[in-house]
There are 2 protein chains.
Amino acid sequence: MKNIIQHINKAFDHRVRLGIMSILMVNEYADFNMLKELLGATDGNIASHTKALEKEEYIKVEKSFINRKPNTRYIATAEGREAFSKHIEALEKLINPND
Amino acid sequence: MKNIIQHINKAFDHRVRLGIMSILMVNEYADFNMLKELLGATDGNIASHTKALEKEEYIKVEKSFINRKPNTRYIATAEGREAFSKHIEALEKLINPND
DNA sequence: TACACTTACTTTGCATTTCAAAGTACTTTA
DNA sequence: TAAAGTACTTTGAAATGCAAAGTAAGTGTA
């Protein structure tokens with residue numbers, strides 16, 4: 001048994017990014033303020049973590065105007081969904097090694 | 001539903017620390033090289049992450065000599081075990097919000 | 001009994017990441 | 001039309017992460 005954490009994804013090592021991904025797994029999309037409120041994070045925080053996930057192509061961003069206000073929607077990509085599922089599997093294996 | 005990640009422990013946000021704790025949950029103790037090998041991390045890496053967990057009093061350190069060689073054992077404290085269990089619970093809730 | 005080598009960590013300092021405060025651009029309200 | 005609000009984005013200091021280098025004690029080799 002070697003390197004038991006090799007399948008744990010570095011991109012999901014932070015609780016805000018973990019939160020963003022799990023929100024986007026159950027919701028088709030989420031906007032900036034939804035993430036902000038659900039995660040209790042600051043604006044800059046949400047911006048930088050979503051940017052990091054976008055860079056990995058785990059989420060994509062759709063900008064539009066709703067009621068004449070700017071609105072930014074985040075959506076998990078297929079790649080992101082798969083990576084997150086694998087991450088969860090790795091976590092489960094780490095926590096319950098005998099399953 | 002607000003702040004869904006509030007029970008996720010910042011101290012366990014990193015995969016090496018997650019690994020250290022899960023090793024110490026199933027093993028009574030682990031020494032430096034055991035952690036290093038199981039986690040595939042460098043020396044300095046193990047040192048700094050164990051130090052961080054020690055600072056939180058989630059693990060304790062026992063130094064001795066075995067076969068005339070220095071040996072450092074890491075042991076999860078009661079506090080550490082409880083904190084980690086709560087962290088896992090929070091993770092599970094995050095991933096499967098409907099359970 | 002010197003000398004190089006190994007083992008088991010620890011220290012160091014650079015690089016990356018995180019954070020919230022401040023900034024921007026636009027809209028609404030008085 | 002001025003002030004306030006909304007929805008982000010940018011910024012730069014602070015915290016964190018990393019591996020290379022350092023240390024200290026023991027081991028082999030001649």
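All chains are named by letter (A, B, ...) in the order of the sequence lines, taking the proteins before the strands, and each is independently numbered beginning at 1.
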For DNA chain D, whose closest nucleotide is more 5', that of Lys63(A) or that of Lys10(A)? Lys63(A)
Given [options], identify the nucleotide with an atom nearest to the side chain of [X].
X        : options                  : answer
Pro70(B) : dA20(C), dT27(C), dA8(C) : dA8(C)
His49(A) : dT11(C), dT9(D), dC19(C) : dC19(C)
Thr42(B) : dT18(C), dT9(D), dA19(D) : dA19(D)
His14(A) : dT18(C), dA7(D), dC9(C)  : dT18(C)

Contact between Phe32(A) and Pro70(A) at the side-chain level, heavy atoms closer than 4.5 Å - yes or no? no
Is the phosphate of dA7(D) approached by Lys36(A) (side-chain N or O, under 4.0 Å from OP1 or OP2)? no
Would you indicate, yes or no, if dT18(C) has its OP1 or OP2 atom less than 4.0 angstrom from a side-chain nitrogen or oxygen of Arg17(A)? yes
Taking the basic N atoms (NZ, or NE/NH1/NH2) and the acidic carboxylate oxygens, is any pair closer than 4.0 Å for Lys93(A) and Glu89(A)? no
Got a donor-acceptor contact below 3.5 angstrom from the Arg81(A) side chain to the Leu24(A) backbone? yes
Describe the nucleic acid contact of Thr72(A) in one word from base, sugar-phosphate, nothing, applying a heavy-atom distance below 4.0 Å. sugar-phosphate
Is Asp31(A) touching bases, backbone alone, or none of the nucleic acid, heavy atoms closer than 4.0 Å? nothing
Distance check needed: dA24(D) C1' versus Phe65(B) CZ, whole Å only. 9 Å
To the nearest Å, how far apart are Leu39(A) CG and dA20(C) P? 13 Å
Do Val61(A) and Ile46(A) belong together in a cluster built from hydrophobic side chains that touch within less than 4.5 Å? yes
